[in-house]
Amino acid sequence: MTAETLIASLQLSVPELILAIGALVLLMVGVFSSERSASTVTGLSVAVLIIAGLWLVLKIGNGEAYAGAFLSDPFAKFMKVLALIGSITVMVMTVGHARSAQIDRFEFPVLLLLATLGMLLMISANDLISLYLSLELQSLSLYVVAAINRDSIRSTEAGLKYFVLGALSSGMLLYGMSLVYGFTGHTGFEEIAAALTAEGRSLGLIFGLVFILAGLAFKISAVPFHMWTPDVYEGAPTPVTAFFAGAPKVAAMAMLVRIVIDAFEPVVADWQQIVVFISIASMLLGSFAAIGQRNIKRLMAYSSIGHMGYALVGLAAGSMAGVRGVILYMLIYMVMTLGTFACILAMRRRDGEHVEGIDDLAGLSQTNPFMATVLTILMFSLAGIPPLAGFFAKYFVFVAAIEAQLYALAIIGVLASVVGAYYYLRVIKVMWFDEAKGEFARTAGELRLVFGLSGLFVLGYVLIGGPLGNAAEAAARTFF
């Protein structure tokens with residue numbers, strides 16, 4: 001690599017460099033400051049993320065970097081902006097709750113910065129090796145964050161479960177990559193696609209593809225690799241759970257889209273079958289398993305599993321309309337989920353105790369009408385009720401599936417959506433028709449801002465859907 005190509009590569013990866021250098025500097029700030037430096041480091045971390053986002057939007061062009069291992073294109077930019085918005089939102093939400101959630105350590109925002117760095121690198125990965133390294137950077141940060149409350153048995157157990165199952169999935173992913181490399185002789189996505197076009201598929205390569213998809217399905221918590229999700233969502237501190245539910249899912253789905261559409265496009269019939277199976281299993285389990293849940297964080301875990309299934313409906317189509325549907329779905333899903341978790345973070349009694357039971361929302365419409373109204377809007381949107389944003393998210397992926405003649409997949413998706421509406425409507429019923437058990441403490445301003453904006457987005461999506469749809473289409477056109 002010459003000096004010119006190195007400089008060009010560095011220019012394309014400036015946002016990632018900002019996050020990497022920022023994380024290292026803030027780590028030093030935390031180490032050499034007093035123990036009460038957590039809020040300062042958190043504020044500076046938000047500033048670092050905002051700077052990286054602005055640089056990404058305003059300065060970064062398109063092109064390949066580091067000998068093709070890193071890719072900057074409209075798809076990468078769109079998904080990176082989403083991931084950065086998710087990380088910034090969660091950091092803002094945790095400002096007033098770090099003390100009560102016992103995560104008021106300077107390491108927490110630094111770990112979130114490193115996890116976000118891993119996400120940006122995942123989204124731009126154009127090579128199996130760079131994909132694996134970025135995925136592990138993100139995963140190792142998340143393992144530690146899940147268990148960051150060392151005084152809580154639930155948090156420690158959540159971190160351990162996530163680590164053990166995550167190590168298993170990483171092993172499967174790495175084994176699949178080694179098989180693909182062995183049968184194609186390449187690790188770059190474009191080279192793999194060219195080798196598949198020239199030589200055709202082989203049994204060993206299909207095995208490799210299956211293992212890779214299994215490893216990536218774990219990262220988006222799709223069935224049958226969803227086992228960690230309910231326990232980790234429930235056990236981890238609520239701000240951590242909010243982070244898990246948003247940006248990492250966006251990055252993992254972007255990585256999945258890139259690897260199947262770019263690297264394995266010549267064997268579309270093979271990966272399409274796997275994606276259809278995972279999609280159906282996720283939609284059905286997410287719909288039925290959530291019905292009996294009494295803990296709202298576990299409910300959101302199964303909801304997340306179901307929503308990943310719906311997003312995979314668009315990917316299964318393998319078309320530009322399908323990829324556009326996936327991009328819009330992840331955008332809308334992240335906004336809905338972060339708004340809902342802002343409401344969950346606001347579920348705090350006057351004595352400071354955080355509660356997580358669905359029954360604790362009883363009579364919320366009488367004690368906090370604004371929060372009850374916003375949470376109702378978000379629940380209706382998660383259920384896919386028109387004309388809210390959640391309806392359009394499902395509409396786009398189902399239309400893409402129908403255009404690809406995947407009629408059975410679309411029908412199963414609609415039926416699963418009807419079943420899933422039950423548990424969202426139960427939350428609404430508890431808030432509006434049950435007797436109040438007590439009043440929550442005054443909601444923090446940052447939480448009101450997050451769930452207020454989220455509700456506004458969901459309600460007003462009809463008005464802003466056009467420009468967002470055009471941006472998503474431009475991102476999807478990257479692959480076609």
Side-chain angles (χ1 to χ4, degrees), residues 1 5-6 8-24 27 52 56 60 63-73 75-76 79-80 83-84 87 110-146 162-182 184-192 208-209 211-220 225 244 247-260 262-264:
M1 183 181 287
T5 55
L6 178 60
S9 296
L10 290 172
Q11 287 174 342
L12 283 176
S13 58
V14 168
E16 287 79 6
L17 292 172
I18 290 171
L19 292 188
I21 295 168
L24 293 175
L27 186 61
L56 176 69
I60 298 297
E64 289 187 353
Y66 307 109
F70 181 96
L71 203 58
S72 177
D73 54 30
F75 176 77
M79 301 307 275
K80 283 181 183 180
L84 287 168
S87 298
V110 173
L111 285 165
L112 293 195
L113 272 184
L114 290 172
T116 308
L117 170 61
M119 289 177 223
L120 300 195
L121 291 170
M122 280 162 58
I123 292 168
S124 280
N126 194 37
D127 183 279
L128 293 177
I129 296 171
S130 61
L131 183 149
Y132 184 77
L133 291 173
S134 55
L135 184 63
E136 287 307 295
L137 173 61
Q138 182 227 35
S139 298
L140 289 170
S141 303
L142 295 185
Y143 299 151
V144 180
V145 166
Y162 192 25
F163 173 70
V164 171
L165 292 171
L168 174 66
S169 77
S170 293
M172 294 169 70
L173 184 65
L174 201 55
Y175 182 59
M177 289 176 175
S178 65
L179 283 173
V180 170
Y181 174 67
T184 63
H186 300 284
T187 57
F189 292 173
E190 292 168 10
E191 291 83 359
I192 290 171
L209 173 61
F211 275 106
I212 287 175
L213 291 180
L216 297 181
F218 175 91
K219 302 302 176 186
I220 61 169
F225 307 99
F244 282 178
K249 295 282 173 68
V250 171
M253 186 63 77
M255 181 175 63
L256 185 56
V257 169
R258 191 179 290 283
I259 198 167
V260 297
D262 259 2
F264 295 106

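What you see below is based on every heavy atom in this structure, not just the backbone, and it leaves out hydrogens, waters and symmetry mates. If you're wondering where the values come from, they're calculated on a predicted model, not measured in any experiment.
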For Tyr175, does its backbone N or O pair with a side-chain atom of Ser178 as donor and acceptor, under 3.5 Å?
yes

Are any of the side-chain heavy atoms of Leu256 and Leu213 separated by less than 4.5 Å?
yes

Please lay out, stage by stage, how Phe225 and Met172 fare under the test side-chain contact (heavy atoms from CB on, under 4.5 Å).
CA-CA 12 Å; Phe225 307 99; Met172 294 169 70; 3.9 Å; yes

State whether the side chain of Ser124 and the backbone N or O of Leu71 hold a donor-acceptor pair below 3.5 Å, judged by distance alone.
yes

Mutual orientation of the aromatic rings belonging to Tyr143 and Phe163 [parallel < 30°, tilted 30-60°, perpendicular > 60°]:
perpendicular

For Met255 and Ile123, run side-chain contact (heavy atoms from CB on, under 4.5 Å): C-alpha distance rounded to whole Å, both residues' side-chain angles, the deciding distance at 0.1 Å, then the answer.
CA-CA 5 Å; Met255 181 175 63; Ile123 292 168; over 6 Å; no

After noting the C-alpha distance and the side-chain angles of Ser170 and Tyr132, does the key distance pass the side-chain contact (heavy atoms from CB on, under 4.5 Å) rule?
CA-CA 8 Å; Ser170 293; Tyr132 184 77; 4.0 Å; yes

How long is the span from the CG atom in Leu173 to the CG atom in Leu131, to the nearest 0.5 Å?
6.5 Å

CG on Leu128 to CE on Met177, rounded to 0.5 Å
5.0 Å

Under a 3.5 Å distance rule, please check whether Ser87 uses its side chain to pair with a backbone N or O of Leu84 as donor and acceptor.
no

Heavy-atom distance under 4.5 Å between the side chains of Lys249 and Phe244, does that happen here?
no

Distance-only donor-acceptor check, side chains Tyr66 and Ser13, under 3.5 Å:
yes

Would you sort out whether Asp73 and Arg258 count as a side-chain contact (heavy atoms from CB on, under 4.5 Å), showing the intermediate values?
CA-CA 11 Å; Asp73 54 30; Arg258 191 179 290 283; 3.0 Å; yes

Taken in chain and number order and not counting sequence neighbours, the residues that satisfy side chain to side chain contact (heavy atoms under 4.5 Å, CB included) with Leu133 are Ile129

Side-chain touch Asp262/Glu190, heavy atoms, less than 4.5 angstrom
no

Using the test side chain to side chain contact (heavy atoms under 4.5 Å, CB included), find all partners of Ser130 that sit at least two apart in sequence or belong to another chain.
Ala69, Ala125, Asp127

Any heavy-atom pair between the side chains of Met119 and Pro248 that's under 4.5 Å?
yes

CG on Leu142 to NZ on Lys219, rounded to 0.5 Å
8.0 Å

Donor-acceptor pair between Thr184 and Glu191 side chains, under 3.5 angstrom:
no

Pairwise distance CG(Leu56) to CG(Leu12) - rounded to 0.5 angstrom:
11.0 Å

Non-neighbouring partners of Phe75 that pass ring pair (Phe, Tyr, Trp, His ring centres under 6.0 Å), sequence neighbours left out
Phe479

Closest contact, heavy atoms only, Gly166 versus Ser169:
O-OG, 2.9 Å

Shortest non-hydrogen contact from Gly176 to Ile212?
C-CG1, 3.7 Å

What's the spacing between Leu120 CG and Gln138 CD if we round to 0.5 Å?
10.5 Å

Do Ser141 and Leu112 come close enough that some side-chain heavy atom pair is under 4.5 Å?
no

So, do Val180 and Phe211 sit near enough that their side-chain heavy atoms are less than 4.5 Å apart?
no

Report yes if the distance between the aromatic ring centroids of Phe189 and Phe264 is under 6.0 Å, otherwise no.
no

Closest approach of Leu113 and Gly22, non-hydrogen atoms and distance?
CD1-C, 4.3 Å

Looking only at non-hydrogen atoms, find the nearest pair between Asn126 and Glu64 and report the distance.
ND2-OE2, 3.9 Å

